[in-house]
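I have placed the structure first, in the form of structure tokens, so that the comments after it can refer back to it.
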Protein chains: 2
Amino acid sequence: MPSYHHGNLRAALLAAAERGLREHGADQLSLRELAREAGVSHAAPRRHFADRQALLDALGEAGFARLDDELRAALTGAGPGFVPRLHAVAAAYLRFATEDAALLELMYARKHTEGADRLVAAAAAPFGLMNDLIIQGQTENILEPGDPQRVGIVFFATLQGIATLINGNLVAPDLLTGITETAVDQFLRGSRRR
Amino acid sequence: MPSYHHGNLRAALLAAAERGLREHGADQLSLRELAREAGVSHAAPRRHFADRQALLDALGEAGFARLDDELRAALTGAGPGFVPRLHAVAAAYLRFATEDAALLELMYARKHTEGADRLVAAAAAPFGLMNDLIIQGQTENILEPGDPQRVGIVFFATLQGIATLINGNLVAPDLLTGITETAVDQFLRGSRRR
DNA sequence: CACCATTGTTGTCACCGCATACATTGTTGA
DNA sequence: TCAACAATGTATGCGGTGACAACAATGGTG
């Protein structure tokens, strides 16, 4: 016999929302449906999220946290060399992006509310990881000197753009590996000191 | 006294939808509101669009057509030199992308319906333009030999990724010019024959 | 001019988000 | 230990939506 207090409703709603997002996309996510899945009344979610958009923003924030985790895990497995680390980050990014396409869309959607500040703040971690990696390349004289923030943003943008084209059915998924390697190769031979 | 037959309802709905998209974003677009603006009953739009998603797909298709027009116009104004043409295309892409951020989201959203085939087909034109530009660069020995499709897709992805970061408030808009120039510079110096 | 296709209208249903008022339980401080 | 308050539920209401079905009006065609 379930009690009146769920006890962990916010987390349960987010978990259900991630499943729903994966299966049906963001447009089909509904607070009422999530409430039914969690076994509470339809108004209960509004005690944990100001509105539907706030729940979507929370999903996006969790997405950037998980992206950061996966990029760091990829770096750990790649060893100390800059070039293998760059390849590892690119591969991990695109794996995350193509496996969780609907979440990616949420993460990068235009932000309408002030409540999206936490989402934007969460993005700083993977951006910082990329920045640090560029600085490593420059310190080791593999990359030319230059503004690491700009260089890192361009590389990050390239990965995100590739994911968008693949997820949007504008580029065939079987081209992914080749395009990713072309992207890293172009990035390196363009920034590599001569 | 308006007649029973609107006479040009499909075009009127699309025009109203573009205005609504620009002002409020895709999420706030509603068939009933568009019908009211066009002065017809709420069910009339369904005579021209199978459902709401079909209208959104039509907007995306028009977006790719307009993007292609703007890229070609930029090329016309850039003269024959490959490098100025590349810069012109990059600038025109990002101008379009940042001025019509909501439309851009629609163009690149994940496609759920079979009806999105026309949208994907419409994307072929700007992709083809980019492909042709890469071939020009390779023919003139400014770019290294290589698969022009892959190279063009990576460059296209980079521009789209930059637009996504800017439009998603993940990168400050005032960084746009510098990042775009860095992107073109990295692209050239990476693919430029040495 | 009749018939058919196209394109409208009216009405309905089920769903939704959001808001308000009230109810139940958990926590805290005296 | 208990009262007060906060947190977190429920019930109800409202206005809007998308999609669908049945019917109506007009335009085009043979």
Side-chain angles (χ1 to χ4, degrees), chain A residues 1-21 23-60 102 106 109-116 119, chain B residues 1-21 23-60 102 106 109-116 119:
Chain A
M1 156 69 131
S3 72
Y4 180 99
H5 268 222
H6 184 282
N8 200 25
L9 183 56
R10 187 177 196 278
L13 291 170
L14 283 172
E18 287 200 33
R19 290 194 297 274
L21 188 64
E23 285 174 42
H24 308 296
D27 289 344
Q28 305 305 319
L29 272 185
S30 101
L31 291 178
R32 290 194 185 219
E33 178 58 30
L34 295 175
R36 279 190 291 273
E37 288 179 39
V40 294
S41 70
H42 62 268
R46 304 276 315 299
R47 291 298 184 187
H48 300 275
F49 302 97
D51 53 21
R52 179 175 179 272
Q53 185 63 55
L55 179 131
L56 297 180
D57 289 343
L59 286 175
L106 264 196
R110 294 187 312 132
K111 312 297 181 281
H112 311 294
T113 58
E114 281 86 63
L119 196 163
Chain B
M1 158 68 131
S3 73
Y4 180 97
H5 267 222
H6 183 284
N8 200 25
L9 183 56
R10 186 176 197 279
L13 291 169
L14 283 172
E18 286 199 35
R19 289 193 298 275
L21 189 64
E23 283 174 43
H24 308 295
D27 289 344
Q28 305 304 319
L29 273 186
S30 103
L31 291 178
R32 290 195 185 217
E33 178 59 29
L34 296 175
R36 280 191 290 273
E37 288 178 37
V40 293
S41 70
H42 61 268
R46 301 279 314 300
R47 293 298 185 187
H48 299 275
F49 301 98
D51 51 22
R52 179 174 179 272
Q53 186 61 52
L55 178 130
L56 298 180
D57 289 342
L59 285 175
L106 265 194
R110 294 185 313 133
K111 312 297 180 283
H112 311 295
T113 58
E114 282 85 61
L119 196 165

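To find a chain, count down the sequence lines: A is the first, B the second, and so on, and within it residues start at 1.
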Enter the distance from A:E23:CD to A:Q28:CD here, rounded to the nearest 0.5 Å. 12.0 Å
Take the protein atom NE2 of B:H24 and the nucleotide atom P of D:dT17, then report the distance between them rounded to whole Å. 12 Å
Roughly how many Å is it from CZ in A:R46 to C1' in D:dA11, rounded to a whole number? 15 Å
Sequence-aligned protein contact record of nucleotides 21-30 of chain D, with B where the base is within under 4.0 Å of a protein heavy atom and S where only the sugar-phosphate is: -BBBSSS---
Please report the interatomic distance CG(B:D27) to CG(A:D27), rounded to the nearest 0.5 Å. 6.5 Å
Write down the distance between CG (A:L55) and C1' (C:dC18), rounded to a whole number of angstrom. 15 Å
Among D:dA19, D:dG9, C:dC18, which is the nearest nucleotide to the side chain of A:L31? C:dC18
Students often get this wrong, so: under 4.0 angstrom with heavy atoms, is B:S41 touching a base, only sugar-phosphate, or nothing? base
Indicate whether OP1 or OP2 belonging to C:dG8 is found under 4.0 Å from a side-chain N or O atom of B:H48. yes
In this structure, CG of A:L29 is separated from CZ of A:R19 (nearest 0.5 Å) by 11.5 Å
Looking at NE2 of A:H42 and CZ of A:R36, how far apart are the two atoms once the value is rounded to the nearest 0.5 Å? 10.0 Å
Do side-chain atoms of B:R46 reach the backbone of B:A50 as a donor and acceptor pair under 3.5 angstrom? yes
Separation of atom CG in A:D27 from atom C1' in D:dT17, rounded to whole Å: 14 Å
Taken to the nearest whole Å, CG/B:L29 to P/D:dT17 is 12 Å
Side-chain heavy atoms of A:H48 within contact of A:L14, under 4.5 Å: no
Looking at A:L13, A:L34, A:D57, A:L31, which one forms a side chain to side chain contact (heavy atoms under 4.5 Å, CB included) with A:F49? A:L13
Of all the nucleotides listed (D:dG9, C:dG8, D:dT17), which has the minimum atom distance to the side chain of B:R32? D:dT17
Would you kindly give the CG-to-P distance between B:L56 and D:dT17, to the nearest whole Å? 15 Å
Would you kindly check whether a donor in the side chain of A:H42 faces an acceptor in the base of D:dT12, or vice versa, at under 3.5 angstrom? yes
Starting from C1' on D:dT8, measure out to CG on A:L13 and report it in whole angstrom. 12 Å
Measuring from the side chain of A:R36 (C-beta onward, heavy atoms only), which nucleotide among D:dG18, C:dC16, C:dG8 has the closest atom? C:dC16
Counting heavy atoms from C-beta on, name the nucleotide in D:dG18, D:dG13, C:dG17 closest to the side chain of B:R52. D:dG18
From CG of A:L9 over to P of D:dA7, roughly how many Å is that when rounded to an integer? 16 Å
